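Okay, structure first, notes after.
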Amino acid sequence: MSNYKKIPLSTPHMSAEGFEKKFVEEAFNSNWIAPLGPMVDSFEEEIIEYTGSKYAVALSSGTAAIHLSLKALGVKDGDIVFCQSLTFSATANPIIYEKAIPVFIDSDEETWNMSPKYLEEAFKKYPKVKAVIVVHLYGIPANLEKIVYICKKYNVPLIEDAAESLGTTYKGKHTGTFGKFGILSFNGNKIITTSGGGMIISEDKVAIEKMRFWATQARDKARHYQHSELGYNYRMSNVSAAIGRGQLKVLDMRVKRRRQIFNLYKNGFSKNPFIKLMPADSNQSLSNCWLSSVSLSQSNKVIPLIEYLEQFNIETRPLWKPMHLQPFYQSYDFLGDKTSDRLYNFGLCLPSDTKLLDIDISFVIKKVNEFFKV
Ligand SMILES: *Cc1c(COP(=O)(O)O)cnc(C)c1O
């Protein structure tokens, strides 16, 4: 056991006011201890209000949200889906659930997210594409202007995986509201949590209602249990939604604090030539800075730095390993110049937990600079 205080990457952070407990108690008192219920309805409405979207369906996970979005776009056996390679596997796995074929697209240096250049190349190579999935990694918005433009040009719907970017705005609008569907996650490590959960936001009422139907076991309107379509048990529980409603009250505070943490790192490493910070606020955007991440000047320093920091109980981790490098996805096509390989090989996520104090972040900065002898 280390004598040092644990400095984690990101952990759940309930409100000091106890909003979450109050809503959970309300759920208990009403005996709505079930999937569905009034807390779920209110949580959906509050997310719509927060993001400026029109319709929403709360689900059991962000992964379920991606899955149903693909289904709603009619993705099926043998269809091609373009997917950002540098991401968490949950972005890509639902493509396989539907037996479709992922084609992975590289990132660019400017945004760390999907490269518009290689997206365009992919469209030239594959004339028939069912959907595009872009990700806003670590809260950094993708180059939405170009990506939305290209998808429109080829008339292919865009799914925004905004699981890590709730609270991020791009040109004044929330991420998740630029594509056909925006997907959110409330997993335990995300900027706000329901202990586990997800949501789809969209302007398409018919599609949202359809996904709600599928998520609720696809039960037809009949007194008996009748099913004319394949269903899923994907709805969010009323108790989870209660936690989410409380968390939503402090979301803006959490974004503010994550951005402060990012700026502490930025200042702390301003004289360290071996470290470059992620492009948080490119593209006239305000990132939620979910995880402050950096790129080192030497890839062979990543693991030694992680191990050095571990001695001081400082938790860090490499960036997501790109999908085209994953054993499971190796046989699928990839278009790019290996920017995502480089980001992965040189990158590192730093502690960004909102419960951390300024002195904790200063301690991390000090230890990192010490490691580089600057
Ligand atoms: C967390 C995450 C997901 C999956 O969300 P779950 O709620 O954990 O299923 C999908 N995509 C990205 C980029 C994520 O970080």
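What you see is a predicted model, and the numbers here were worked out from it, not measured in a lab.
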Checking Y329 side chain against N93 main chain: does a donor-acceptor pair fall under 3.5 Å? yes

Just wondering, are more than 12 heavy atoms of other shown residues or ligands nearer than 6.0 Å to NZ in K54? no

Just by modelled atom types, is the A162 backbone N or O under 3.5 Å from a matching donor or acceptor in the H136 side chain? no

Indicate whether any N or O donor in one side chain lies under 3.5 Å from an N or O acceptor in the other, for Q217 and Y225. no

So, E160 side chain and F178 main chain: donor-acceptor pair closer than 3.5 Å or not? yes

N187 and S185 side chains, donor-acceptor separation under 3.5 Å: no

Go through K210 and E229 one step at a time and tell me if the salt bridge (Lys or Arg N to Asp or Glu O under 4.0 Å) criterion holds. CA-CA 11 Å; K210 188 78 194 187; E229 289 189 59; 2.6 Å; yes

With a 3.5 Å distance limit and no angle check, can you tell me whether T168 reaches the backbone of G139 through a side-chain donor-acceptor pair? yes

What do the steps show when you test D79 against I101 for side-chain contact (heavy atoms from CB on, under 4.5 Å), and what is the final call? CA-CA 6 Å; D79 284 339; I101 303 164; over 6 Å; no

When you compare the side chains of K355 and T11, does any donor N or O come within less than 3.5 Å of an acceptor on the partner? yes

Counting only heavy atoms not in E49, do more than 12 fall under 6.0 Å of its CD? no

Would you call T316 and L305 a side-chain contact if the rule is heavy atoms closer than 4.5 Å? no

Correct closest heavy-atom pair for P351 and I314 would be CG-CG2, 3.6 Å

Determine whether the side chains of S10 and R258 contain a donor N or O and an acceptor N or O closer than 3.5 Å. yes

Enclosure of K266 NZ (heavy-atom neighbours >12, cutoff 6.0 Å): no

Are the charged groups of E120 and K153 less than 4.0 angstrom apart, N to O? yes

Aromatic contact between F123 and Y118, with the criterion being ring centroids under 6.0 Å apart: yes or no? no

For K180 and L73, run side-chain contact (heavy atoms from CB on, under 4.5 Å): C-alpha distance rounded to whole Å, both residues' side-chain angles, the deciding distance at 0.1 Å, then the answer. CA-CA 9 Å; K180 172 82 179 167; L73 296 177; 4.0 Å; yes

H67: partners by ring pair (Phe, Tyr, Trp, His ring centres under 6.0 Å), with sequence neighbours left out: Y97, Y232, Y234

Could you walk me through whether K276 and E109 pass side-chain contact (heavy atoms from CB on, under 4.5 Å), step by step? CA-CA 11 Å; K276 212 170 88 187; E109 287 285 348; 4.3 Å; yes

Do the two ring centres, one from F334 and one from H324, sit under 6.0 Å apart? yes

Less than 4.5 Å apart, side chain to side chain, heavy atoms only: is that true for K271 and N369? no

Full working for side chain to side chain donor-acceptor pair (under 3.5 Å) between T175 and S165: CA-CA 7 Å; T175 52; S165 69; 2.9 Å; yes

Tell me yes or no: between the side chains of S107 and N113, is some donor less than 3.5 Å from an acceptor? no

Please check if any side-chain donor atom of Y55 sits under 3.5 Å from a side-chain acceptor atom of E209, or the reverse. no

Could you go through R317 and L291, starting from their C-alpha distance and side-chain angles, then the distance that decides it, and tell me whether this counts as side-chain contact (heavy atoms from CB on, under 4.5 Å)? CA-CA 10 Å; R317 72 169 178 216; L291 289 187; 3.6 Å; yes

Among K173, K152, K171, the one residue meeting salt bridge (charged side-chain N to carboxylate O under 4.0 Å, His left out) with E145: K171

Is any side-chain N of the basic residue among K367 and E370 closer than 4.0 Å to the acidic one's carboxylate O? yes

Distance-only, no hydrogens or angles: does the R235 side chain make a donor-acceptor pair with backbone N or O of R212 under 3.5 Å? no

Taking 4.0 angstrom as the limit, do D108 and K117 come out as a salt bridge? no

Is the shortest heavy-atom distance from the side chain of Q84 to the side chain of I105 under 4.5 Å? no

Between S53 (side chain only) and S202 (backbone N and O only), is there a donor and an acceptor less than 3.5 Å apart? yes

Main-chain N/O of G196 paired to T194 side chain as donor or acceptor, under 3.5 Å: yes

Give a yes-or-no answer on whether the side chains of S270 and N267 include a donor-acceptor pair shorter than 3.5 Å. no

Donor + acceptor pair across side chains of Q326, W320 (<3.5 Å): no

Side-chain donor or acceptor of N143 paired with backbone N/O of P116 under 3.5 Å: no

Side chains of E110 and P279: closer than 4.5 Å at any heavy-atom pair? no

Any donor and acceptor pair, going by atom type alone, linking the side chain of T91 with main-chain N or O of T87 inside 3.5 Å? no

Relative to each other, are the rings of F186 and F43 parallel, tilted or perpendicular (30° and 60° limits)? tilted

Pairs involving residues 27-36, ordered by first then second residue, that meet side chain to side chain donor-acceptor pair (under 3.5 Å) (sequence neighbours left out): none

For the residue pair S115 / D106, report whether a side-chain donor-acceptor contact shorter than 3.5 Å exists. no

Less than 4.5 Å apart, side chain to side chain, heavy atoms only: is that true for I261 and R257? yes

Could you list the donor-acceptor pairs under 3.5 angstrom formed between side-chain atoms of residues 242-253 and any protein atom two or more places apart in sequence or on another chain?
{"unit_1": "R245", "atom_1": "NE", "unit_2": "E46", "atom_2": "OE1", "d": "3.2"}
{"unit_1": "R245", "atom_1": "NE", "unit_2": "E46", "atom_2": "OE2", "d": "3.1"}
{"unit_1": "R245", "atom_1": "NH2", "unit_2": "E46", "atom_2": "OE2", "d": "2.8"}
{"unit_1": "Q247", "atom_1": "OE1", "unit_2": "T193", "atom_2": "N", "d": "2.9"}
{"unit_1": "Q247", "atom_1": "NE2", "unit_2": "H13", "atom_2": "O", "d": "2.9"}
{"unit_1": "Q247", "atom_1": "NE2", "unit_2": "E20", "atom_2": "OE2", "d": "2.9"}
{"unit_1": "D252", "atom_1": "OD1", "unit_2": "Y50", "atom_2": "OH", "d": "2.9"}

Donor-acceptor check, side chain of D220 to backbone of A222, threshold 3.5 angstrom: yes or no? no

What distance separates I159 CD1 from I95 CD1, expressed to the nearest 0.5 Å? 8.0 Å

